[in-house]
Amino acid sequence: MKKLDINVHHITRVEGHGNVVVNYEKGVVEDFRLEIVESPRFFEVMLRGRHITEAPQITSRICGICAVGHTTTSLRASENALGITPSEQTQEIRKIILDAEFIQSHVLHVYFLVLPDFLNVGSVLPLAETHPEEVKRALRLKKLGNDLCEVLVGRHVHPISMAVNGFTKIPSVKDFQVVLKMLKDSEEDIKKMIDLFGTLQMPDFWQETENIGLTNCEFALYDGKITSSLGKKLEKTSDYLDLIHERVVSHSSAKHVKGEGETYSVGALARLNLSAEKLHEKAKEVLKKYKLSLPNFNPYNNNLAQVVETVHCFYDSIERIENILKKGIRQENHLGYKIKAGRGVGAVEVPRGILFHDYEIDKNGIIVKANCIIPTGQNLANIEKNMKKLVPEILGKSKEEITHDLEMLVRSYDPCISCSAHFLDVEFK
Amino acid sequence: MELYFLPKSKINLLMEEILGEFTVFGPKQKDIQFVFEEISHPEELRLDYNTSILPPVKTFFPNNEKLIAFNLNNIDKTEIVTNENRKILFGVHPCDINAIKMMDEIFAKPPQDEHYLARRKETIIIGLNCKKPCGEKTLCYDKGTYKADSGFDLMFWETHDGYVVQVVSNLGKYFTAKFSYFFNFFTEFTENFYDFVDNFQSEQEQNFTKKLTHNIFELPEALRETYDSELWHEIGAKCLSCGSCNIVCPTCYCFDVHDVVDLDLEGGHRCRNWDSCQNIGFACVGSGENFREKSSQRNRHRVFKKEVYLPQNQGFSGCVGCGRCNNVCIAGISLIEIYNRAFELQKNQEEQK
Amino acid sequence: MNDFVKFEMGFLPVEAKITKIIQTTAYEKIFTLKLPENKRLKYLPCQFVMVSVFGFGEAPISICSGPDDQELELCVRRVGTLTTKLHKLQVGDSFGIRGPYGNGFPTEVLQGKDLLFVAGGLGLAPLRSLIRYVFKHRENFGRFTLLYGAKKTQDRLFVDEIELWENSNEVDFYQTVDVSDEKWEGNVGLITSLFKFVEPKPEKTIGVIVGPPVMYKFVIREMLKKQIPVPQIFMSLERRMRCGLGKCGHCQMNGIYVCQEGPVFNYNEVKDLKEAL
Amino acid sequence: MKPKLAMFSFTSCEGCQLQILNLEKELLEILNAVEIVNFREAIDQKSQDYDVAFVEGSITTQKEIEEVKDIRQKAKAVVAIGSCACIGGINAMKNFFPIDFVKKQVYGEMGKYFDTLPVQKVSDVIPVEYEMHGCPISKKEFLSVTKNLLLGVPLKQPHYSVCTECKMAGNVCLYDKGETCLGAITRGGCEAVCPTFGDSCHGCRGLGEEANIQGMVEVLRANGLTEAEIKNKFSYFNGLMNFSEVTK
Ligand SMILES: Cc1cc2nc3c(=O)[nH]c(=O)nc-3n(C[C@H](O)[C@H](O)[C@H](O)COP(=O)(O)OP(=O)(O)OC[C@H]3O[C@@H](n4cnc5c(N)ncnc54)[C@H](O)[C@@H]3O)c2cc1C
Ligand code: SF4
Ligand code: SF4
Ligand code: SF4
């Protein structure tokens, strides 16, 4: 076998379009590229001329899968630009919604996209026949995440009532009671999920890398300081560009991102590496059960990290809801703020990693400049680095197996390509 | 007629008793307004409400009501769906009582509507008299619907510290007997009721005002003459055909029928949902002809149906003057203005003659 | 002889089994129906039933058989959801019906009179019920004239019966098409063009009109030109209907609910109703 | 034989596809009735053989134009899903800027290498059997459309406005709260979720049949909106509509 061309067009089961192109000759690696062939959407331009209060809903449409994540990040950026600190109640409810999105997103990923790989079935459809109980459980858990959003903010895909400085409709006591019951009724499913994923054997692979994420006194999702595992920690979110460097790489038009080192990773595993000690006790138990040593640099373990986070978010949301119910709910008016010129950055941990929105507005609140940096984009260079190391290690395998392994590697990052508007391969002549 | 006096401080106690035995619909707060919906806690009841977004009568004629249950493969398995459950409407204002009376007549007129009648059956209606109008845009004083002389089982008359409870019907007596412990223990009314009513009414006379330039009885005739007038084109140009005016009206009862099939593609229901004669396709027939394709025609039909056709066919007006349609119209179309314009047009015409 | 029945139980339909289907034109089919326990529907000419197929909805369809006929027949044009589904059904299949609804034709006014019936397009279906009634009791009436207009030759309904009518002494039958073809030897032109063939005795004649909405105004004008008095002109009108029970409001034209007070109207009743014609 | 359903995605956030996956309760039952042969978000399989194609997203590149034409050739029925596919949706905001400017803003000098065209809705490129509006689509509408496809019931657009549904839901009108809303002229079918959750309707389901746009503009003016704000309101989801042409 002299030359092997692996060209998987349209990796399936990632939300977006991506091509993996691997060329090598005589076992020498020549070219690795992860091409993302999603059509670009140009949100940064579309936001221009729109009012800052519209940004959360418009940017929610960057990605339906992490709609809550984009909305939340956008809200934080908008509020920072306007100099608003929303009430504690608002922030608490947002954290619950974010938890809900983590649950729904992680469950969708590990059960529907990852599990079929391990059970050697093509997709979730045959899984429904071979493992009906698992599929039903997955659907119930995914529904849990969705229902939480539906009751509290109208829907998961493009949440409705999340607004600058609060909510256009504040959930009622009854709403919280309803979702609390839903959560408590699902504990059994969560336990079964923990057990199931504990039995999976992750492929062996190790490659150290930088991790970037938020850190805080709690397991930081909504709020925290931007932190690199290589030591840098930013005091101000608006200085994010001191750590996060977008750059254009020569072999593709994709904007790659580098941190302190050449590549870094973000996401569930990165978050555990950075602040596992802040996890909910129940999630820590899972960590122990899975014997996941930290820091961990096997990207496949991201899948297990997602299960750990699901458990965290599940119990975290229960606690927060109980707290809210204890304190009582205030009807707050979200409209009492002034519009002024400024710049604001939002950095929020969304299921796939840290997400940045950066807006500049004029005195009428009209956006004049916008930038978004998306988790998948930040991981991209790291995925390529992993592939470069992985391919020589598995060259003994068949073409199909290599393809499968590469796909699994990409998939373990849970890449959400539809929103990675910047990643597009162009043949340069 | 039984009479009681109920101090305001005791309302919650009474409610607690009732809620144990009955499903109760009443006014409760929603955001900055009120809705007439099922009450689950005594404190929810807000007898100080002005008006409700949707009228109480819609509890008998709910949106998306199931009419029949069917099986796609077997017509024999078709069943009528009716819904009978004893309930109380608590705190119904006179305009809405009048609306219920009107809807009763419409739906009981053969061929009867058993779905409405089943829900209506044995419902205890507790009225609440108004001392003042609930808003600027009501026509209840002109229409005389700010009071009701029948159509309720009990009537609450508000005083500064409580309610005079007037029991008029057998159902009303059944109600007070059922809660006799409560009524006998807490309440008695010692004044002369007719003096009390006189006082109440003179207070009403001071608070309510007429909105129309002419007597309401002259309205059908005045409107009839506007049939071809410019008025409707003006209104048609403003109207957004959004249908809100119909949906909130306590005396609009037009509906559409549609089938909802279950996911197993076997069972299903034929349902009716509220419809609006302002919808563009409302009078469209199979051949594609639309008998009221212009917004001006549809607006005219809404008003005529209420103020010309129903009086002519049934002997009563199809509007109780609750003002809901005037309030919800974001385009600012108001019956008060239309009616007064009609009077004005009529006057002008007469002068020309 | 079987029992005559009505099926007026609110929205609840009964099963009508298809025993015969005739594809009379490209768009119209005639269904012959059997009712449960071989019961016979009791109805007047020009009444209609609400026809339904579950999942596909319900629509008013006129009964096109005569009230004395053994069989119940409906003629259905394929226009939308329900009617398309009906056209897919086979002999042996069944659908739901309820009714009959509407006032039906006041046949007593016809007694002893000359009759001038005018049908346009699908209007022949409801009118056929009355036509069959007239033939059945032919001796009670004077001269019987029937005018029929269709868009194209192949759009004509009940062609077999038309042939009988053409050759019958009991009826003066004239037909026309808007657009002709090679084979057509008859009259070409709108339905009003047939009026040149008729000379009714106005005081003795009852005029009946059924057709598409646009037709009424013009045919009425012809009838009036022939001096037929207003109270002697009748017509059947079509409106959107959702319940057939005088409630849903869709069929209302001005103050009148067509499903209850119609579909048959005397011209006197509707001539001042601006939404009627 | 079960009808074969395929799901295709063009320029979009894929939220509409996700709405379908979010039908957790019904998903297994749907799978009993249909065979899903193409659904990148969920399955590996890719098939060229399908009866009904659900197409999500706007058409924004030459390649997409060709792909969607190919889908039209293969499918018996094409259903456009979501605002992006049906009316351009949020994507259409891009069309307010010159295309070269857009590319340059995001990709700098590299921008010229990108294949991007002004945004088109699917029906601008191919005829479609039905447009399932919404951003995202309503799960309920997806179910009822799917059932109707299976039964062979012709698909019809809801003919009432968002306001009608908003009133049916017993909501406090946003205008009563001093806000503005496009529900009056927007095609219903979403059960007025946005007003129900306190947000105004932005018109994601497109304008209703013969919408009185001029009347709506007057209402917005009367509620204190500037001309620029009014234009912005209409261009939120309905950017493909030529606003200045339809209003005075
Ligand atoms: C008294 C009476 C007797 C009748 N007799 C007969 C008869 O004997 N034979 C016969 O074939 N027909 C008859 N009809 C007509 C028949 O009822 C209609 O054609 C009916 O609409 C067919 O139902 P459908 O479900 O097939 O069509 P639908 O699916 O209802 O659609 C038919 C057409 O109606 C329009 N339409 C439907 N809904 C709307 C809407 N919401 N907004 C705007 N337009 C809409 C569309 O243009 C559509 O093409 C009669 C009607 C009446 C009132
Ligand atoms: S027409 Fe208007 S004022 Fe009259 S009853 Fe209906 S909603 Fe009330
Ligand atoms: S909130 Fe909007 S949709 Fe609801 S009634 Fe008011 S204008 Fe209509
Ligand atoms: S209310 Fe308006 S914006 Fe919201 S989903 Fe409905 S049509 Fe779309």
Side-chain angles (χ1 to χ4, degrees), chain A residues 10 12-17 38-42 44-51 54 57-58 60-65 67 104 108 112-113 116 122-125 128 132 135-136 139-140 142-143 146 153-158 160-161 163 167-169 248 253 255 418-419 421-422 424 426 428, chain D residues 9-19 21-22 24-25 27-28 31 36 39-46 57-58 60-61 63-64 83-84 89-94 96-97 101-103 105-108 110-111 113-116 135-136 139 193-194 196-200 202 229 232 236:
Chain A
H10 285 133
T12 48
R13 286 188 280 136
V14 300
E15 298 93 342
H17 309 230
E38 184 72 27
S39 313
R41 306 202 37 224
F42 304 101
E44 287 89 342
V45 177
M46 280 147 56
L47 281 169
R48 278 172 189 240
R50 307 298 309 192
H51 198 265
E54 295 177 333
Q57 293 208 343
I58 294 177
S60 175
R61 270 81 184 176
I62 291 177
C63 171
I65 294 129
Q104 105 89 26
L108 175 69
F112 289 8
L113 310 179
S123 76
V124 67
L125 296 189
V135 170
K136 279 185 199 150
L139 285 170
R140 281 199 299 270
K142 196 170 99 56
K143 186 168 178 347
N146 279 327
V153 290
R155 72 191 161 206
H156 167 253
V157 180
H158 310 323
I160 297 164
S161 60
F167 293 87
T168 56
K169 177 178 172 250
V248 174
S253 67
K255 277 187 185 175
S418 64
C419 58
H422 303 305
L424 184 88
V426 179
F428 293 102
Chain D
S9 182
F10 295 103
T11 304
S12 70
C13 78
E14 311 210 351
C16 290
Q17 278 193 56
L18 193 64
Q19 280 293 81
L21 286 181
N22 283 353
E24 295 93 357
K25 233 173 81 198
L27 215 51
L28 294 179
L31 290 177
I36 296 185
F39 195 152
R40 207 195 48 246
E41 225 173 67
I43 60 170
D44 257 349
Q45 198 188 346
K46 288 169 235 173
S58 312
T60 69
T61 67
K63 195 156 163 267
E64 287 181 341
S83 301
C84 297
I90 291 269
N91 289 328
M93 285 183 192
K94 187 181 98 176
F96 302 141
F97 303 91
F101 171 82
V102 171
K103 292 188 202 175
Q105 281 304 311
V106 183
Y107 296 101
M110 221 80 88
Y113 297 108
F114 286 85
D115 165 25
T116 184
C135 181
K139 295 194 262 184
V193 270
C194 294
T196 303
F197 276 84
D199 189 20
S200 73
H202 302 285
E229 284 169 335
N232 245 13
Y236 205 117

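Just so we're on the same page: letters track the sequence lines, and every chain starts at 1. Values in this document were obtained by computation on a predicted structure and should not be read as measured data.
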Minimal non-hydrogen separation, A:Lys169 against D:Thr196, with atom names
CD-O, 3.3 Å
Testing the 3.5 Å rule here: is there a donor-acceptor pair between the side chains of A:Glu54 and D:His202?
no
Which atoms form the tightest heavy-atom contact between D:Leu18 and A:Gln104, and what is the distance?
CD2-NE2, 4.1 Å
Quick check: does any side chain N or O of A:Arg50 sit under 3.5 Å from a backbone N or O of D:Asn232, one acting as donor and the other as acceptor?
yes
How long is the straight-line distance from CZ of A:Arg48 back to CZ of D:Phe96, given to the nearest 0.5 Å?
15.0 Å
What part of D:Ser83 lies closer than 4.5 angstrom to a heavy atom of chain A: side chain, backbone, both or neither?
neither
Student check: side-chain heavy atoms of D:Tyr236 and A:Ile58 closer than 4.5 Å
yes
Leading residue by heavy atom contact count with chain A [cutoff under 4.5 Å; candidates D:Ala92, D:Gly198, D:Cys16]:
D:Gly198
Interatomic distance, D:Asn22 atom CG to A:Lys142 atom NZ [nearest 0.5 angstrom]:
3.5 Å
If I take atom CD from residue D:Gln19 and atom CG from residue A:Asn146, how far apart are they, to the nearest 0.5 angstrom?
8.0 Å
Indicate the atoms forming the closest heavy-atom contact of D:Glu14 with A:Ile65, along with that distance.
CB-CD1, 4.4 Å
Check D:Phe197 against A:Ser161 and note the closest heavy-atom contact, atom names and distance.
O-CB, 3.3 Å
Which atom names give the shortest non-hydrogen contact between D:Glu24 and A:Leu139, and what distance separates them?
CG-O, 3.3 Å
If I measure from the heavy atoms of chain D, does A:Ala67 come under 4.5 Å with its side chain, its backbone, both, or neither?
neither
Residue pair A:Arg155 / D:Cys194, side-chain heavy-atom distance below 4.5 Å
yes
Chain D contact via A:Val153 - which portion, at a heavy-atom distance below 4.5 Å
backbone
